[in-house]
Trainee: 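Right, I'll just put the structure down here and ask away after.
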Amino acid sequence: MTESPAYCPLCDDRHISHYFQDDQRDYWQCKNCKLVFVAGNQHMNEADEKQRYDLHNNSIDDAGYCAFLGKLLEPLSRRLPEAATGLDFGCGPGPTLSLLLEQRGFKVSCYDKYYADDESLLEKQYDFITSTEVLEHLREPKQVLERLISNLKPQAYLGVMTQLLPAASQFSKWHYKKDQTHICFYSDDTFKWIAERWGLALEILDKDVIILQRGN
């Protein structure tokens, strides 16, 4: 087992306990926000991480992938005002959700650290922000969430897709942790902490679909 990290990357709390160890990594849990995470000394380097993402072959022509995104697309679209403007954060090499949203009359900008790194997009405010299969990759979840929430207009939405943490007894066989680029794992309790910390309304719609709304 590696040395315990000094603090939680989401809430900065120092009450960290060892959660699980497999043949590749250690997993730690924060006693405050309940985040389960991999410490920085076991993160994949960014060059190798990008090589993994380069292999993603997501496309609007992939009916299965579009159906997967529909789990967020449908409920989010129902909540948005007509002609709402949004940001797809972490769009990846093949933006798809943004195109599906644009088909419904919304205007969407795309940001990605590796593929669409236009920092000026993170200085604006939006009616909604989507982040699908991104939060589990974040090295600094606190800083990223703070920034995204500041980019929300009053009453705006943050739509998230990430697999929620299973029961501890199921973690050893959980497929989601096998991806070495996945380093943060969020439970219902973690999202409740996030909502309380930043004053957001929380809806957990499925085991991998979460919508947060900023107040006035």
Side-chain angles (χ1 to χ4, degrees), residues 9-11 33 35 50 53 56 58-60 65-164 184 186 188 190-206 208-216:
L10 177 60
C11 71
C33 70
L35 182 77
K50 182 180 180 298
Y53 301 151
H56 291 183
N58 300 328
S59 166
I60 197 168
Y65 184 57
C66 290
F68 168 74
L69 294 177
K71 296 168 67 176
L72 176 61
L73 173 69
E74 297 296 339
L76 180 62
S77 296
R78 291 194 296 268
R79 289 161 173 76
L80 295 177
E82 186 177 351
T85 60
L87 175 71
D88 186 14
F89 180 84
C91 61
T96 302
L97 182 56
S98 58
L99 299 178
L100 295 172
L101 285 160
E102 287 178 345
Q103 288 177 354
R104 297 182 178 223
F106 306 115
K107 182 179 179 181
V108 188
S109 300
C110 292
Y111 174 85
D112 191 282
K113 173 181 176 180
Y114 293 119
Y115 303 102
D117 189 14
D118 182 355
E119 290 281 335
S120 69
L121 296 174
L122 302 179
E123 303 299 329
K124 301 177 181 180
Q125 286 197 308
Y126 301 93
D127 298 308
F128 67 93
I129 296 174
T130 56
S131 191
T132 58
E133 296 292 305
V134 174
L135 266 62
E136 64 274 13
H137 301 276
L138 298 180
R139 297 168 189 260
E140 299 179 329
K142 177 185 176 182
Q143 289 86 336
V144 172
L145 283 168
E146 281 185 337
R147 187 161 198 179
L148 293 181
I149 292 164
S150 73
N151 293 137
L152 294 173
K153 295 178 182 178
Q155 297 294 308
Y157 294 94
L158 173 60
V160 171
M161 293 188 74
T162 187
Q163 285 280 331
L164 292 174
C184 285
Y186 308 75
D188 290 24
T190 306
F191 275 106
K192 290 174 184 175
W193 182 91
I194 289 170
E196 182 176 353
R197 165 64 178 80
W198 282 288
L200 307 170
L202 170 66
E203 295 179 272
I204 298 177
L205 303 181
D206 205 340
D208 58 354
V209 181
I210 302 95
I211 292 180
L212 298 144
Q213 185 181 22
R214 188 172 183 176
N216 292 320

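Being a predicted model, the structure only gives us computed values, none of them experimental.
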Trainee: Where the side chain of Q213 meets the backbone of Q155, is there a donor-acceptor pair that is under 3.5 Å apart?
Mentor: yes
Trainee: Go through F128 and L158 one step at a time and tell me if the side chain to side chain contact (heavy atoms under 4.5 Å, CB included) criterion holds.
Mentor: CA-CA 6 Å; F128 67 93; L158 173 60; over 6 Å; no
Trainee: Provide the closest heavy-atom pair for P9 versus R139 in the form atom of the first, atom of the second, distance.
Mentor: CB-O, 4.2 Å
Trainee: Quick check for you: to the nearest 0.5 Å, what is the distance between L72 atom CG and I211 atom CD1?
Mentor: 5.5 Å
Trainee: Are any non-hydrogen side-chain atoms of R79 and E203 less than 4.5 angstrom apart?
Mentor: yes
Trainee: Hey, does the side chain of R214 reach the backbone of Y157 with a donor-acceptor pair shorter than 3.5 angstrom?
Mentor: no
Trainee: How close do A116 and C110 get, heavy atom to heavy atom, and via which atoms?
Mentor: CB-O, 3.8 Å
Trainee: Which atom pair, heavy atoms only, marks the closest approach of D118 to S120?
Mentor: OD1-OG, 2.5 Å
Trainee: Checking side chain to side chain contact (heavy atoms under 4.5 Å, CB included) for the pair K192/E196: CA distance, chi angles, key distance, verdict?
Mentor: CA-CA 6 Å; K192 290 174 184 175; E196 182 176 353; over 6 Å; no
Trainee: Any donor-acceptor pair under 3.5 Å linking the side chain of D127 with the backbone of T85?
Mentor: yes
Trainee: Hey, does the side chain of T162 reach the backbone of L135 with a donor-acceptor pair shorter than 3.5 angstrom?
Mentor: no
Trainee: Please tell me if the side chains of I149 and L200 come closer than 4.5 Å, counting only heavy atoms from C-beta onward.
Mentor: yes
Trainee: Under the salt bridge (Lys or Arg N to Asp or Glu O under 4.0 Å) rule, collect the residues that match up with K113, sequence neighbours excluded.
Mentor: E46
Trainee: Tell me whether N151 contacts the main-chain N or O of K124 through its side chain, where contact means a donor paired with an acceptor under 3.5 Å.
Mentor: yes
Trainee: Any heavy-atom pair between the side chains of Y53 and D112 that's under 4.5 Å?
Mentor: no
Trainee: Using side chain to side chain contact (heavy atoms under 4.5 Å, CB included), reason through L164 and D206 one step at a time and then give a plain yes or no.
Mentor: CA-CA 9 Å; L164 292 174; D206 205 340; over 6 Å; no
Trainee: How far does CG of L87 sit from CD of Q125, to the nearest 0.5 angstrom?
Mentor: 12.0 Å
Trainee: Which is it for R147 and E123 under the salt bridge (charged side-chain N to carboxylate O under 4.0 Å, His left out) test, yes or no, and what are the steps along the way?
Mentor: CA-CA 9 Å; R147 187 161 198 179; E123 303 299 329; 2.8 Å; yes
Trainee: With a 4.5 Å heavy-atom cut-off, do W193 and C11 have their side chains touching?
Mentor: yes
Trainee: With side chain to side chain donor-acceptor pair (under 3.5 Å) as the criterion, how do D88 and T130 come out once you've worked through the C-alpha distance, each side chain's angles and the decisive distance to 0.1 Å?
Mentor: CA-CA 5 Å; D88 186 14; T130 56; 3.0 Å; yes
Trainee: Donor-acceptor pair, S131 side chain versus I129 backbone, under 3.5 Å?
Mentor: no
Trainee: Would you compute the distance between atom CG of N58 and atom CG of L97 and round it to the nearest 0.5 angstrom?
Mentor: 11.0 Å
Trainee: Evaluate side chain to side chain contact (heavy atoms under 4.5 Å, CB included) for R197 paired with E146, printing each intermediate quantity in order.
Mentor: CA-CA 10 Å; R197 165 64 178 80; E146 281 185 337; 3.2 Å; yes
Trainee: First locate atom CG of L80, then atom CG of L101, and finally report the distance between them rounded to the nearest 0.5 Å.
Mentor: 7.5 Å
Trainee: For the atom pair OG (S150) and CG (L122), what is the distance rounded to the nearest 0.5 Å?
Mentor: 8.5 Å
Trainee: Angle between ring planes, Y111 versus F89, binned at 30° and 60°: parallel, tilted or perpendicular?
Mentor: parallel
Trainee: Measuring from atom OG of S109 to atom OH of Y126, what distance do you get when rounded to the nearest 0.5 angstrom?
Mentor: 5.0 Å
Trainee: At their closest point, which heavy atom of L10 faces which heavy atom of C33, and how far apart are they?
Mentor: CD2-SG, 3.8 Å
Trainee: If you compare all heavy atoms of F68 against all heavy atoms of E133, which two are closest, and at what distance to 0.1 Å?
Mentor: CZ-OE2, 3.9 Å
Trainee: With a 4.5 Å limit on heavy-atom distance, are the side chains of Y186 and Q163 in contact?
Mentor: no
